[in-house]
Q: 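Once you've had a glance at the structure underneath, I'll fire off some questions.
Order of the sequence lines fixes the chain letters, A, B, ..., with proteins taken first and strands second; residue numbering starts at 1 for each chain. These values consider heavy atoms only, across backbone and side chains, with no hydrogens, waters or symmetry-generated copies.
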Amino acid sequence: MTDADLPAFRAALLDWYAAHGRDLPWRRTRDPYPIWVSEVMLQQTTVAAVVPYWERFLEAFPTVEALAAAPESAVLRLWEGLGYYSRARNLHAAAKAVVERGEWPRSVEGLRDLPGVGRYTAGAVASFAFGLPAPIVEANTLRLYARLLAYRGDPRSSAGQAALWDFAERILPPSPSESGESGSGVDPGLVNQAVMELGGTVCTVKEPRCGECPVSDWCGAFTTGLQSEIPLPKARPKITEVTEATVAVRRADGAVLVRQRDADERWAGLWDFPRFEPPSELTTNVPTLDARQPALPLGDGDTPLLAWLSTAVQEQTGVRCEVGAGLLEIRHGVTRYRIRLLCYGGTRLGGRLRSGATMRWIQPAALTDLPLSKTGRQFATRLADLSWEGDSP
DNA sequence: AAAACGGGGTG
DNA sequence: CACCCAGTTTT
């Protein structure tokens with residue numbers, strides 16, 4: 001596509017978008033705050049998954065000031081289930097930075113200085129909220145641009161990224177300041193929304209609907225019949241299998257022991273039951289723990305693991321306990337992991353909570369208010385229905 | 001350049 | 001189950 005083609009290309013794109021663009025909630029505003037929240041939530045996350053989270057989040061934190069003033073734990077609780085939790089921590093930190101600063105950065109460079117805002121998100125907020133001619137490349141546009149350019153190399157490589165970002169910049173309408181005159185009158189944010197929408201709904205990964213594409217005339221892949229060869233697929237990571245064990249240690253009053261994950265751990269800031277990855281020789285012979293009531297009577301397969309867990313709980317928390325009931329087994333596939341999580345019940349024997357770590361005894365019903373991981377939430381939810389040896393009446 | 005990120009939707 | 005998702009940060 002030559003520069004001479006660009007006005008017609010943009011016109012066809014925008015006509016199509018006006019007729020076929022989805023009415024997504026964050027497209028109804030030019031306020032940087034809700035737009036920024038949506039962009040961070042949408043990082044590596046589908047639109048369908050984000051919509052309900054975005055609605056709840058904006059209701060709880062209607063302004064950047066409200067978000068900045070919130071406890072991190074409340075932010076994480078609203079993020080629970082969305083994954084990639086560093087996004088929530090960065091969002092919270094960035095909100096504080098914006099409030100401290102007194103105003104939003106109004107440039108790509110300024111936006112990129114915010115934690116969790118990279119090249120794409122900065123361009124998105126700059127163009128959608130501020131109407132700046134900032135290019136964007138993300139999953140949808142990577143695919144669209146690679147096909148338009150008939151880019152045969154790896155679009156995720158340095159060279160590929162350079163080519164795509166260059167193209168992303170080239171298709172934007174000239175701004176008034178750049179052209180020195182009145183400008184094109186076309187909103188760069190609208191062009192960016194349109195290319196993403198086209199990539200997301202027409203220029204799809206499998207079986208792109210080129211017959212419905214408003215810009216197929218300018219598409220190198222379509223012209224040469226290479227739609228299914230371009231772009232090259234992303235390398236698939238190898239799946240890692242892991243078996244872990246977690247313990248709900250219960251006190252006489254029914255409260256269970258939880259700890260907040262440290263800043264340098266996975267799930268930083270989230271809460272969790274004491275959780276471990278025991279040596280594999282201790283878990284390979286553990287029979288399946290279906291959720292059952294009463295708790296599974298434990299056999300030879302579990303015994304060495306139970307002793308190990310008892311020691312591990314004491315080392316991690318300071319609490320002495322007897323681990324004595326197989327309660328539940330959770331199988332969970334996430335990103336590149338396939339996890340078998342063995343859930344046990346334990347009874348407190350004595351000991352004090354170690355100082356220096358954030359830990360609490362909490363009634364199972366109150367776990368609703370704490371941010372937990374997916375599997376932590378599953379265990380917590382089932383806990384109300386489970387009872388085991390050592391129960392107080 | 002590669003790995004981590006521990007979640008969900010879709011066919 | 002395989003593959004992908006409006007990426008960013010750390011190693």
Q: Mind checking if Ser86(A) touches a base, just sugar-phosphate, or nothing, with heavy atoms under 4.0 Å?
A: nothing

Q: Nearest heavy atom decides the nucleotide; on that basis, is Arg112(A) or Trp26(A) closer to the 5' end of DNA chain C?
A: Trp26(A)

Q: Would you say the side chain of Leu142(A) lies within less than 4.5 Å of the side chain of Arg156(A), judging by non-hydrogen atoms?
A: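 Of all side-chain heavy-atom pairs linking Leu142(A) with Arg156(A), at least one is under 4.5 Å.
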
Q: Students often get this wrong, so: under 4.0 angstrom with heavy atoms, is Leu91(A) touching a base, only sugar-phosphate, or nothing?
A: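 No contact.
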
Q: Does Ala139(A) reach a base, just sugar-phosphate, or nothing at all? Heavy atoms under 4.0 Å.
A: sugar-phosphate

Q: Report the distance from atom CG of Asn90(A) to atom C1' of dC5(B), rounded to the nearest whole Å.
A: 12 Å

Q: Do the side chains of Trp79(A) and Met41(A) get nearer than 4.5 Å, heavy atoms only?
A: yes

Q: For a quick check of understanding: with a heavy-atom distance under 4.0 Å over all strands, which category does Pro237(A) fall into, base, sugar-phosphate or nothing?
A: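 Touches nothing.
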
Q: Check whether any side-chain heavy atom of Leu232(A) lies under 4.5 Å from a side-chain heavy atom of Tyr151(A), and answer yes or no.
A: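 No; the side chains remain at least 4.5 Å from each other.
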
Q: Taking atom P of dA2(B) as reference, at what distance in whole Å does atom CD of Gln161(A) sit?
A: 14 Å

Q: Separation of Lys238(A) atom NZ from dC5(B) atom P, in whole Å?
A: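 Interatomic distance, NZ of Lys238(A) to P of dC5(B): 16 Å.
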
Q: Could you say whether Val117(A) or Ser38(A) is positioned toward the 5' end of DNA chain C, judged by the nucleotide with the nearest heavy atom to each?
A: Ser38(A)

Q: Starting from P on dA4(B), measure out to CH2 on Trp267(A) and report it in whole angstrom.
A: 15 Å

Q: Report the distance from atom CZ of Arg338(A) to atom P of dG8(B), rounded to the nearest whole Å.
A: 17 Å

Q: Test salt bridge (Lys or Arg N to Asp or Glu O under 4.0 Å) on Arg89(A) and Glu72(A) and set out the steps.
A: CA-CA 7 Å; Arg89(A) 295 189 297 273; Glu72(A) 185 186 82; 5.5 Å; no

Q: Arg336(A) side chain N/O closer than 4.0 Å to the phosphate oxygens (OP1, OP2) of dC5(B)?
A: no

Q: Would you find a donor on one side and an acceptor on the other, under 3.5 Å apart, between the side chain of Arg209(A) and the backbone of Thr201(A)?
A: yes

Q: Heavy atoms under 4.0 Å, any strand shown: does Ser158(A) hit a base, just sugar-phosphate, or nothing?
A: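 It contacts sugar-phosphate atoms only.
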
Q: Just the endpoints, please: which first and last nucleotides of DNA chain C, 5' to 3', lie under 4.0 Å from a heavy atom of chain A?
A: dC1(C) to dT9(C)

Q: By side-chain hydrogen bond (donor to acceptor under 3.5 Å, both in side chains), which residues pair with Glu241(A), not counting sequence neighbours?
A: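 If we apply the side-chain hydrogen bond (donor to acceptor under 3.5 Å, both in side chains) test to Glu241(A), skipping adjacent residues, the hits are Arg338(A).
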
Q: Expressed as a whole number of angstroms, how long is the span from Gln44(A):CD to dA4(B):P?
A: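 Answer to the nearest Å: 15 Å.
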
Q: Any base atoms under 4.0 Å from Arg119(A), or only sugar-phosphate, or nothing? Heavy atoms, all strands.
A: sugar-phosphate

Q: Determine the contact category for Arg377(A): base if any of its heavy atoms lies under 4.0 Å from a base atom, sugar-phosphate if only primed atoms, P, OP1 or OP2 are that close, otherwise nothing.
A: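 If one applies the 4.0 Å heavy-atom cut-off, Arg377(A) turns out to touch nothing in the nucleic acid.
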
Q: To the closest 0.5 Å, what do you measure between CZ (Phe273(A)) and OG1 (Thr375(A))?
A: 10.0 Å

Q: Within this structure, what is the CD-to-C1' distance between Gln378(A) and dG7(B), rounded to whole angstrom?
A: 12 Å

Q: In whole Å, what is the span from the NZ atom of Lys206(A) to the P atom of dT10(B)?
A: 14 Å

Q: Are side-chain heavy atoms of Val286(A) and Glu329(A) found at a separation under 4.5 Å?
A: no

Q: Using a 4.0 Å heavy-atom cut-off across all strands, classify Glu265(A) as base, sugar-phosphate, or nothing.
A: nothing

Q: So which one's nearest nucleotide on DNA chain B is more toward 5', Ala268(A) or Ala159(A)?
A: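 Its nucleotide being nearer the 5' end, the pick is Ala159(A).
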
Q: Please classify the nucleic acid contact of Glu244(A) as base, sugar-phosphate, or nothing, using heavy-atom distances under 4.0 Å.
A: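 Base, at least one base atom sits under 4.0 Å.
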
Q: Please give the distance between the P atoms of dA3(B) and dA6(C) as a whole number of Å.
A: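 The same atom, P, in both gives a distance of 23 Å.
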
